[in-house]
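These notes are about the structure you will find just below.
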Amino acid sequence: MAESAGDLTTDTAALLASEEHEVSIVGRSPWYLAWRRLPRNYGALLTLLVFLFIVICCSIAPVYARHIAHTGPNAIHADEQVRVSGKLTPVVSGGAVYNAKTNTFEVRRVHYLGPTWWHANGRFVLGADSLGRDVAVRLLYGGVNSLKIGIGSALICTLLAVLLALLAGSYGGWIDWIVSRFFDLIWAFPVFLLAIALGSALQINGFHHFGINIEPGSLWIPTLVISYVLIPYVGRPVRGQIMSLREKEFVEAAIGQGAHPLRIMFSELLPNVASTILVLFTLIIANNIITEAGLSFLGAGVRLPDPSWGNMIASGQDQIQSAPWLTLAPGIAIVLTVLALNVFGDGLRDALDPRSKVRLEH
């Protein structure tokens, strides 16, 4: 039986397929597409490298302190001298100086050893503070504390916020009402005021309830305070996205098949908000580092003599004209870290955006 020219038979379909030179359409997952998009964002990659460099420098703080600076973060060298370019120079000079001729003490302007830039064999590279402590060593150890608090509080905050958002968005009803009111309660307070109030109270007496013993001065205090006050800033957008996803057909199909609510939460809803959670986690780290710096600056975060970038700025603010390196060094560290995380977070968000177009080349 003859066939018209417009009919498509099995033979003609096979002929057309052979003419395509065996080109097949391959499905790609959103994570694979994001992995292909991200390397093309050079700004995001550069800032990621900057952040990793800061993390690596802070992680080798004990090695630098022991083998190069030959001092610790809290070691005082106010009465010592250091050889700079072959010349002995006092670490701290001035103040109350004894005059043997008049048998009296003369008050002179205090001078701190400025940055030696490796002219002192690695000692006091960024100068000394009012107690003769090595600023470079304290900067690295302060970075360790600031990064611990920033990353740790972001992790705790994100886990709690996502869990509450999943419960509220999946079950709805009275559970959603309780979680939403909890978010609103924290949201009603200004972040810094609530964090300062909680941090100051816990730094005085610590926390000794429910079998948990946290002593004053512990890094757990600013970590838990920051993670608590920022829960709604992560939970509310995630809850809103889950509420929207709950009305989708694939969730209704899972419910129709009798899937358990926990399976719907962790198998259907959580994978679809994972990209949002990842971006929020990256950005909340930067926000938490700034919050920790503010709390430590005001005395409600990391307590002296333990260093952090925030309390280093507070300690050097009175000498900003005579010894600007005391505030510039930790200030620049905060700016670089936060800027790197924010730019990388924006790049990560663009890479995970399903509406972004990418051309995949084999």
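All values derive from a computational prediction rather than experimental measurement.
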Distance col, row N342:CG vs T337:OG1, nearest 0.5 angstrom, shows 11.0 Å
What one should report as the nearest heavy-atom pair of A300 and I196 is CB-O, 4.1 Å
Q: Determine whether more than 12 heavy atoms belonging to other residues, nucleotides or ligands lie under 6.0 Å from atom OH of Y171.
A: yes
Notebook entry, point to check: Is a donor on one side and an acceptor on the other found under 3.5 Å between the side chain of R138 and the backbone of P73?
Noted result: yes
Are there over 12 heavy-atom neighbours, none belonging to D79, within less than 6.0 Å of that residue's CG? no
In this structure, CG of L230 is separated from CG of L280 (nearest 0.5 Å) by 11.5 Å
_Under a plain distance cut-off of 3.5 Å, with no hydrogens placed, do E292 and S308 share a side-chain donor-acceptor pair?_
yes
OG of S153 to OH of Y228, rounded to nearest 0.5 Å, is 15.5 Å
4.5 Å side-chain heavy-atom contact, L140 and C57: yes
Taking S59 for the side chain and I56 for the main chain, is one N or O donor matched with an acceptor at less than 3.5 Å? yes
Between W309 and I332 (side chain of the first, backbone of the second, donor and acceptor by atom type, cut-off under 3.5 Å), is there such a pair?
no
Flag if over 12 foreign heavy atoms under 6.0 Å of CH2, W187: yes
Is the count of non-hydrogen atoms from other residues, nucleotides or ligands lying under 6.0 Å from L304 atom CG greater than 12? yes
dist F250:CZ -> L269:CG (nearest 0.5 Å) comes out at 6.5 Å
